[in-house]
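Read through the structure below, which is laid out as structure tokens, and then see the notes.
What you see below is based on every heavy atom in this structure, not just the backbone, and it leaves out hydrogens, waters and symmetry mates.
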Amino acid sequence: MNVKAALSPEDAARACADAMWAEDDASKGLGMEIVEIGPGFATLAMTVRPDMVNGQRIAHGGFIFTLADSAFAFACNSHNDRVVAAQGQITFIKPGKLGDRLVAKAREVTRGGRSGIYDVRVMAGDTVIAEFRGHSRVIPGAWLPTQDQ
């Protein structure tokens, strides 16, 4: 049975996210949560904990990057292809602070063949913390059963 064909694009995106989340120990371990998911977009959130601040007592950039990268991953895996990052770049705009709830909103810019480009904006409330751009690459496999499986 082709499960994906029986689902709306929104339901397929959610099912892909659920399958991916079940195996995503990194995002879960950092306390991330999926706020919203759909075809070509994802919103994830994470609260800056004491073990996530650096010597300046601000959110370590690596954790901000990881949140953005996770939102990117869920957005580009929402079409039932298995997709990995080929490249990611971030620009830090303002510091995140201890206790901030950071929200990363990823959206598909373009997708074709085996490649895609996604933009992610990381916010703390109404303040933009960082802008991330990720390039994706499709690898073999699918999250949901297809006729080929």
Problem set entry | Path from I117 to F72 over hydrophobic side-chain contacts below 4.5 Å | no
Exercise. Under a 4.5 Å side-chain heavy-atom rule over Ile, Leu, Val, Met, Phe, Trp and Tyr, are V83 and L144 clustered together?
Worked result: no
Exercise. Distance only, no hydrogens: is a donor on one side chain within 3.5 Å (strictly under) of an acceptor on the other, for H135 and Q89?
Worked result: no
Problem set entry | Any donor-acceptor pair under 3.5 Å from N77 side chain to F74 backbone | no
Exercise. Is the backbone N or O of D119 less than 3.5 Å from a side-chain atom of R107, with the two atoms forming a donor-acceptor pair by type?
Worked result: no
Exercise. Are the side chain of S78 and the backbone of A75 linked by a donor-acceptor contact shorter than 3.5 Å?
Worked result: yes
Exercise. Would you find more than 12 non-hydrogen atoms of other residues, nucleotides or ligands less than 6.0 Å from R121 atom CZ?
Worked result: no
Exercise. In terms of side-chain geometry, is the basic nitrogen of R137 or D81 positioned less than 4.0 Å from the acidic oxygen of its partner?
Worked result: no
Exercise. Are E23 and K28 within salt-bridge range, i.e. N to O under 4.0 Å?
Worked result: no
Exercise. Is I58 reachable from F63 through a run of hydrophobic residues whose side-chain heavy atoms are each under 4.5 Å from the next?
Worked result: no
Exercise. Any chain of hydrophobic side-chain contacts (each under 4.5 Å) joining Y118 to F41?
Worked result: no
Exercise. Heavy atoms, side chains only, cut-off 4.5 Å: are K105 and M123 in contact?
Worked result: no
Exercise. Sub-3.5 Å donor-acceptor pair from the side chain of N80 to the main-chain atoms of W143, do we have one?
Worked result: yes
For this session: Please check if W21 and L67 belong to a single hydrophobic cluster, counting links between Ile, Leu, Val, Met, Phe, Trp and Tyr side chain heavy atoms closer than 4.5 Å.
Result: yes
